[in-house]
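In what follows, a structure is listed as structure tokens, so that the remarks can point back to it.
Protein chains get the first letters and strands the later ones, always in sequence-line order, with residue 1 at the start of each.
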Amino acid sequence: MDDAKTPLLDELEKGDWPSFVTEIKRAAKKNKSAQGLLEQLETSYREKIGHWKHGGIVGVKGYGGGVVGRYSDLPDKYPDVKEFHTVRVCQPAGFFYTTKKLRQLADVWDKYGSGLYNMHGSTGDIILLGTTTANLQPCVDELSEVGFDLGGSGGCLRSLACCVGQARCEKACIDSMDIIRDLTQKYQAEIHRPAWAYKFKIKVSGCPNDCAAASARSDLAVIGVWRDSIRIDNKEVRKMVDGGYDIINRVVRKCPSEALNYDLVKKELTVSAEDCVHCMNCVNMMPDAIAIGRERGATLLIGGKATVVKGSMIGWILVPFIKMEAPYTEFKELFEKITEWWAENGKNRERIGELIDRLGYANFLDAIGLKPLPQMVRAPRSNPYIFWKKEEVN
Amino acid sequence: MSVVQVKGKDVELDEDGFLVNPEDWNDDMVAYFASQEDVTELTENHWKVINYLRDYFKKFGAAPMVRKVCKDTGFSMQEIYELFPSGPAKGACKLAGLPKPTGCV
């Protein structure tokens, strides 16, 4: 069979959406390893089996992570992808680039790698797909010269990620980009030199819309929130209603905690602030009329993760409200206490959420010096119980 | 897989340069690995880490976690990287002749 022909992959170019096959083919025109990737992948589709070996220990000087070793298990058949390592490059906060910066990155990657990227990986890094062991060090050196650094891999603090925050969004309650930048600078050692039993992720979303998917995809999620009340401009409300907007069905009845009331006679929308659960629906539906509150900070969630030891977990409340103002000392102290307890007690590949499940939330709170609060109850509708300590009951 | 000649002896290495057969480990191999992993001079401190790793592996059949290495040897992470610039997994474990640590994605 002619290796250059890829009938199965060609199927994936059909239809209206962009195709990764088309992109690999474009790269293959000027890069042998991209051609090798295409051929090996066609073989994988034909044989219904992946042809990458698991893992590999490669790296660059001074770094304990940032590069993931990839080797083909068919090196004789596809010598151009015999070594096809992945390089994780730390992204700037909020994914802001100039085209000049992207061109510089592309020039380095065309020179040393396959020319293929993921923009971005699920942690947030720019993922450079496919280079050889010999090319790693010069590639990373040149990336560094144009201002890029490696991201994290292995048991480290992974590259921190956030939404576009106040740079681009009126709903941001906190400066998510500054927080990420500040923490990234501060925790360089934790990012580049894996010292833990597994990964730890921090993501920051400016508001409860959670565009950074922090609640589900980070061990410690920082989610911007207000603690006073949403602000309602009833002049704008009336304008929308008079224009035919169905405020009752689209906003009032959608409020999950029935915190909104609309007076049909006065044409006035009011909110009961203590009932509001910050779901963001009304703020999203009526952006001109309803705005986030004035007293802003963040809620911290703990324990979010994807599968491995246990199934996926969504983060639950650790701190109901924290101010999150530079230099974020309170947050940093808390983070360090959390990771210290986890590093001391965690088993191999156990994330913080799983460890809390195993040893109990009360023990965790004791270790990090926080008092239990009603908001911390993980599933209030199904489990309202808390465990008292022996000395607290007679 | 590749074969290198160290002091006239053929030694088999895997694609990441780790020993395939643990019994091939000796002082000459340590010197060879040092040259591959940016260790310019093998000092007493290097040997302290290497011997610790070998003892631990013999006892428990696995490489210790990094945190444990630091605690038991008294070296900080910074010092470990100064001794082994490619880090504890790729550097120190390789010099100590331990099997390749599992890749961490």
Side-chain angles (χ1 to χ4, degrees), chain A residues 52-73 75-76 82-86 88 121-123 127 132-134 136-137 152-156 158 188-199 306 308 339-340 342-350, chain B residues 1-4 13-20 33-40 49 53 56-57 60-105:
Chain A
W52 298 111
K53 289 188 193 176
H54 177 74
I57 299 283
V58 287
V60 295
K61 213 172 161 180
Y63 289 76
V67 187
V68 182
R70 289 284 109 168
Y71 296 97
S72 168
D73 72 359
D76 298 331
K82 184 178 157 205
E83 297 162 356
F84 201 69
H85 310 315
T86 301
R88 292 197 179 137
S122 57
T123 298
I127 309 289
T132 60
T133 308
L136 279 174
Q137 190 68 52
S153 71
C156 69
R158 296 297 179 86
Q188 282 291 297
E190 285 77 1
I191 293 171
H192 297 308
R193 296 177 168 179
W196 297 324
Y198 206 22
K199 61 182 120 178
V308 168
T339 48
E340 177 62 27
W342 171 61
E344 196 57 38
N345 296 288
K347 291 181 183 173
N348 200 18
R349 301 234 148 180
E350 192 173 43
Chain B
M1 218 74 87
S2 63
V3 175
V4 289
L13 301 178
D14 74 2
E15 61 255 272
D16 288 322
F18 282 76
L19 277 181
V20 172
F33 288 139
S35 71
Q36 300 294 302
E37 298 298 329
D38 299 302
V39 177
T40 40
V49 177
L53 288 172
Y56 188 98
F57 188 80
F60 300 105
M65 291 214 237
V66 183
R67 191 178 169 87
K68 191 141 180 55
V69 178
C70 292
K71 261 190 184 168
D72 291 351
T73 60
F75 294 122
S76 66
M77 277 290 268
Q78 178 69 28
E79 288 166 329
I80 295 276
Y81 276 86
E82 277 162 15
L83 291 169
F84 304 96
S86 50
K90 184 173 178 279
C93 282
K94 189 183 282 181
L95 266 72
L98 265 55
K100 183 162 66 181
T102 48
C104 246
V105 182

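The minimum heavy-atom distance linking A/G56 with B/K100 is given by the pair CA-NZ, 4.4 Å. When all heavy atoms of A/P194 and B/Y81 are compared, the closest pair comes out as CD-OH, 3.8 Å.
Here the side chains of B/P101 and A/I57 are in contact, with some heavy-atom distance below 4.5 Å.
Of the two parts of B/K71, only the side chain, counted from C-beta on, holds a non-hydrogen atom closer than 4.5 Å to a non-hydrogen atom of chain A. Of the atoms belonging to A/P75, not a single heavy atom falls under 4.5 Å from chain B. For B/F18, the part lying under 4.5 angstrom from a heavy atom of chain A is the side chain only. Using a 4.5 Å cut-off between heavy atoms, A/H192 contacts chain B through its backbone alone, with no side-chain atom that close. If you measure heavy-atom distances from A/K82 to chain B, you find no contacts under 4.5 Å at all. For chain B, the nearby part of A/Y71 is the side chain; its heavy atoms alone come within less than 4.5 Å. Heavy atoms of B/Q78 lying under 4.5 Å from chain A belong to its backbone as well as its side chain.
Between chain A and the options B/V69, B/I80, B/D16, heavy-atom pairs under 4.5 Å are most frequent for B/D16. When each of A/G59, A/A343, A/G69 is checked for heavy-atom pairs under 4.5 Å with chain B, A/A343 comes out on top. Contacts with chain B were tallied for A/K53, A/E83, A/E344; A/E344 has the most, counting heavy-atom pairs under 4.5 Å.
In this structure, CZ in B/R67 is found 4.5 Å from CD in A/E340, a value given to the nearest 0.5 Å.
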